[in-house]
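Structure record follows, encoded as structure tokens.
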There are 2 protein chains.
Amino acid sequence: MSTTVEKLLDQAESEIRQRGYHAVSFRDLAASLGIKSASVHYYFRQKEDLGIALVKRYGEQFFSILDEKAEELDNPLQAVIDVYRNALTSSDRICLCGMLGAEGCGIPKTLSDEVAAFFQANIDWIAETLPKTVSVAERKRRAEHSVATLQGAMMLATSLNDHKVFDRAANSLLE
Amino acid sequence: MSTTVEKLLDQAESEIRQRGYHAVSFRDLAASLGIKSASVHYYFRQKEDLGIALVKRYGEQFFSILDEKAEELDNPLQAVIDVYRNALTSSDRICLCGMLGAEGCGIPKTLSDEVAAFFQANIDWIAETLPKTVSVAERKRRAEHSVATLQGAMMLATSLNDHKVFDRAANSLLE
DNA sequence: GTCAATCTATCTATTGATAGGTAACGTTAA
DNA sequence: TTAACGTTACCTATCAATAGATAGATTGAC
């Protein structure tokens, strides 16, 4: 049995990943849990606080699963693809940071900073796993390309309502 | 001197590409032009109508510029990259359809359908320019990969506040 | 006089946010 | 032992701001 905070975070993540930050209200969230919007403010003083908690939790979960997956598989890039694919197919939603990253300066700055940190960590993680025989600049370039493709592929697959679009675009990274 | 409708479309496109559909209001738009929100409703009965007009115009302009660019250059994929790059660097904003595509089911269905059509046309355009020696399925895969990468790269570059991220990720497509 | 383009005024719904109340429960101290 | 207190987790009620939308008046060009 999860706590109210966890349920709130789960619900908020689900709704924001589906419709965006501005399309989700405290009242919606509260109603989904059968409580009142004032109770959501009890846990998160401002909407911004909820957003930040959400991105932090998302990042922790993401890298935790990624590290685990990378140990199982011998190909780190395949691990990244698997984690992204699972994020998409298990819920038919794009990445939380993909959504918030798109909304750019429409969301509080503290929140977009947190989102940027997620992307940077994602790029660094991938760059670190590439062969050391490749230059630092080239590793960075390839890592950026991978993250860009995966994020774009999630959005594209969701818009075109076809997860296979993600698979095809993502698998192109493995060549 | 552009008409009020054109100014409205310009302003709406600029604001939506920067902050998202839900973060833009008729009052904001009207105020930017020095008119009242009721006058915006005179041109676009509902917000949804404005959105659809916006995506249609965006698509027309996009493919018009793309065709032009493709005639100048001998490499069609380079033309696509150039058009995307210019969309990003000239205004520091992501693609209109990238934003609306992310917002997914948070926007009216008629609008998301229009966005999906843009993406499909974009994929088809690229697939068509790839060598006929390559199978149809493979051309489709490569085209999807290109669009995914370019869309993701715009978002990533905007979030990380560094246009070079776009250039590096996009140039990876030319290999 | 007609009509396009704008206005004023207003409606209802929703938003994020706050103040203050209450019921349940554990802790503490006489 | 039990009365008092504090904390947690909600609640009701309400606010000011903003949203999309509409009705109907006005203005000015042709």
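Letters A, B, ... are given to chains in the order of the sequence lines, protein chains preceding strands, and every chain is numbered from 1.
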Atom-to-atom span, NE2 of B/His41 to C1' of C/dA4 - whole angstrom:
18 Å
Under 4.0 Å, heavy atoms only, any strand: does A/Val40 hit a base, just the sugar-phosphate, or nothing?
nothing
State the CD-CG distance between B/Gln78 and B/Asp82, to the nearest 0.5 angstrom.
4.5 Å
Modelled atom types, side-chain donor and acceptor of B/His145 and A/Asn171, under 3.5 Å:
no
Nearest whole angstrom, please: distance from the C1' of C/dT15 to the OH of A/Tyr21.
12 Å
Under 4.0 Å from OP1 or OP2 of C/dT6: is there any side-chain N or O of B/Thr4 that close?
yes
Nucleotide D/dT18, atom P - distance to CG of B/Leu29 in whole Å:
15 Å
So which protein N/O to nucleotides 11-17 of chain D N/O distances come out below 3.5 Å?
| from | atom 1 | to | atom 2 | distance (Å) |
| --- | --- | --- | --- | --- |
| D/dC11 | OP2 | A/Lys36 | N | 2.8 |
| D/dC11 | OP2 | A/Ser39 | OG | 2.5 |

Just the rounded figure in Å: distance from P of C/dA17 to NZ of A/Lys47.
8 Å
B/His22 has an atom NE2; how far is it from atom P of D/dA19, in whole Å?
13 Å
Measure CG/A/Leu8 against P/D/dA9 and give the value in whole Å, please.
12 Å
Determine the contact category for B/Val5: base if any of its heavy atoms lies under 4.0 Å from a base atom, sugar-phosphate if only primed atoms, P, OP1 or OP2 are that close, otherwise nothing.
nothing
Under 4.0 Å: is that the gap between some side-chain N or O of B/Tyr42 and OP1 or OP2 of C/dT6?
no
For the CE atom of B/Met155 and the CG atom of B/Leu150, what is their distance to the nearest 0.5 Å?
13.0 Å
In short, B/Ser32 meets B/Gln11 closest at the heavy-atom pair OG-NE2, 3.3 Å
A/Phe62 and its ring pair (Phe, Tyr, Trp, His ring centres under 6.0 Å) partner, picked from A/Trp125, A/Phe119, A/Tyr84:
A/Tyr84
Rounded to the nearest Å, what distance is computed from the CZ atom of residue A/Phe26 to the C1' atom of nucleotide D/dC10?
16 Å
How close or far is atom P of C/dA5 from atom CD of B/Glu6, stated in whole angstroms?
12 Å
Between B/Gln46 and D/dG20, does any side-chain N or O lie under 4.0 Å from OP1 or OP2?
no
Look at the side-chain N and O atoms of B/Ser25 and state whether any lies under 4.0 Å from the OP1 or OP2 oxygen of D/dA19.
yes
Does A/Tyr43 put a side-chain nitrogen or oxygen below 4.0 Å from OP1 or OP2 of D/dT8?
no
Output the distance between atom CD (B/Glu144) and atom OG1 (A/Thr149), rounded to the nearest 0.5 Å.
12.5 Å
Report yes if the side chains of A/Arg19 and A/Asp28 come closer than 4.5 Å at any heavy-atom pair, otherwise no.
yes
